[in-house]
Amino acid sequence: MADIEDQAFRTTLDEHWVPAEQALPLLTAVVPNFNHGALIGEAIEALAKQTPCPDEIIVVDDGSTDNSVVLLERLKLAYPMLRVVRFERNRGAIPAMNRGLQEARGRYVYFGAADDVTRPGLFAAMLAELERHPQAAFASCEATVLDQDTGRTAPRPPVRPSYVATFLDSSQVARLLRRIDNWILTGTAVVRRDLIIGAGGFDTMLGPFADSFVFRRLSLEYGCCFVPRDGVVWKTSSVGLSRSSVANPDAAMLTLERALERMRADPVFPRWYPAVFERRWRFAIGRLASEARPMNRAVLMRLGRGAIGRAVLKRALAVDGCLGRLAALIWLTLQERPTSLLGLLRTKLSRSRFFGTDARDQRSNSN
């Protein structure tokens, strides 16, 4: 069924394709929504207040059963650039994003979330980089992750690929991916519409990894821009798409297998990358499993490599609490080597209140 949907998506894209040089609106924001009536108003308001304002904001309502549709109709009165497309039944976030891409007319497209809030200046900064570097597929920046279950916040990505605004060509992206990953945040990225259409949009078979996959591929083929500034408040919860998707170990591993299959078959991805990505994927789902309350035993026991790995994680599960979570996280870090420890330290220092580049920028702005 998913293959049929993907083929239909590509056919529709062909029908909607417009040459890049033809006059187009500048920017389209696409927002999938499913039962986020309590939050989507804030998300739309933040998008509409961006400078420049999106020429169109397309909300794809994914068969919501709450008051989302009524609320969106009211929002259309306040924001004339808002357009609502509806699925009669819930089909999932990735088909909703593909539908939004089909409908989009902007030269650039931004894919937001119904519960996230863009920071002022996001679009201005991303579009400025894309105008300076027309060869780049997209520009992205950083986010503040807000855990709605605990109220805690944390900056992402954990390791910055650059400490200044920069264009990274395809060879530089490949070198970075050897050391660090997860620095391309879809919720902060503004992408060239023609290039993401040319890449086939979002692969529904990859589930919650579909957006990360296509943005990695675009960066390896065309290069991308990165700006070390906060662009989005990224809200997460235990019932959100990412965390709920990895709660099922069979589903998480199936997504991994499909991603590795596509990477190995695609010459854009370096031959060494699938093995590196597998380690990082295993660490990522293990980290989420260890942060769950209680820890997700089924996922963690699936991740232990060999008898020693399984024994260590089994002991961590028995201890439980903060100590057990810390033990599981330390072991997964040693086992999978997910990122550059030096990069983590440098990024933490660069964001520090008194010594980092962020602090120096804040002091200079206040003078």
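Counting begins at 1 with the first residue of the sequence. Nothing here was measured: the structure is a model prediction, and the numbers come from that model.
Relative orientation of the F213 and F209 rings is perpendicular, given thresholds of 30° and 60° on the angle between their planes. Ring geometry for F202 against F215 counts as tilted: the plane angle lies between 30° and 60°, on a 0 to 90° scale.
Remark: the D181 side chain and the Y273 side chain contain an N/O donor-acceptor pair separated by less than 3.5 Å. For the 3.5 Å distance criterion, the side chains of Y108 and R193 fail to qualify, holding no donor opposite an acceptor. For N182 and R216, the side-chain atoms include at least one donor-acceptor pair closer than 3.5 Å.
Judged purely by atom type and a 3.5 angstrom limit, R325 uses its side chain to pair as donor or acceptor with the backbone of S290. Judged by distance alone, the side chain of D55 and the main-chain N or O of L27 form a donor-acceptor pair under 3.5 Å.
One finds no salt bridge joining K235 and D115 here, because no Lys/Arg side-chain nitrogen approaches an Asp/Glu carboxylate oxygen to under 4.0 Å. The pair E103-R83 counts as a salt bridge, with a side-chain nitrogen and a carboxylate oxygen less than 4.0 angstrom apart. A salt bridge does not link R86 with E73: none of the charged nitrogens is closer than 4.0 Å to a carboxylate oxygen. R152 and E291 are not joined by a salt bridge, as no carboxylate oxygen comes within less than 4.0 angstrom of a charged side-chain nitrogen.
Listed by chain and number, the residues in a side-chain contact (heavy atoms from CB on, under 4.5 Å) with K314 are R297, M301 (sequence neighbours excluded).
Considering P157, P338, P161, P158 as possible partners of I180, the one that fulfils the side-chain contact (heavy atoms from CB on, under 4.5 Å) test is P161. Just one of I196, D203, V268 meets the side-chain contact (heavy atoms from CB on, under 4.5 Å) condition when paired with R217; it is V268.
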Report task. Report the C-alpha distance between L168 and W183 in whole Å, list the side-chain angles of each, state the deciding distance to 0.1 Å, and finish with yes or no for side-chain contact (heavy atoms from CB on, under 4.5 Å). Result -> CA-CA 12 Å; L168 302 164; W183 48 270; 3.9 Å; yes

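When the shell of 6.0 Å around CD of E221 is examined, it contains more than 12 heavy atoms from other residues, nucleotides or ligands.
Under the 4.5 Å side-chain criterion, counting only non-hydrogen atoms from C-beta, W281 is not in contact with L260.
For the pair T347 and V159, the tightest heavy-atom approach, listed with the atom from each and the gap, is OG1-CA, 3.4 Å.
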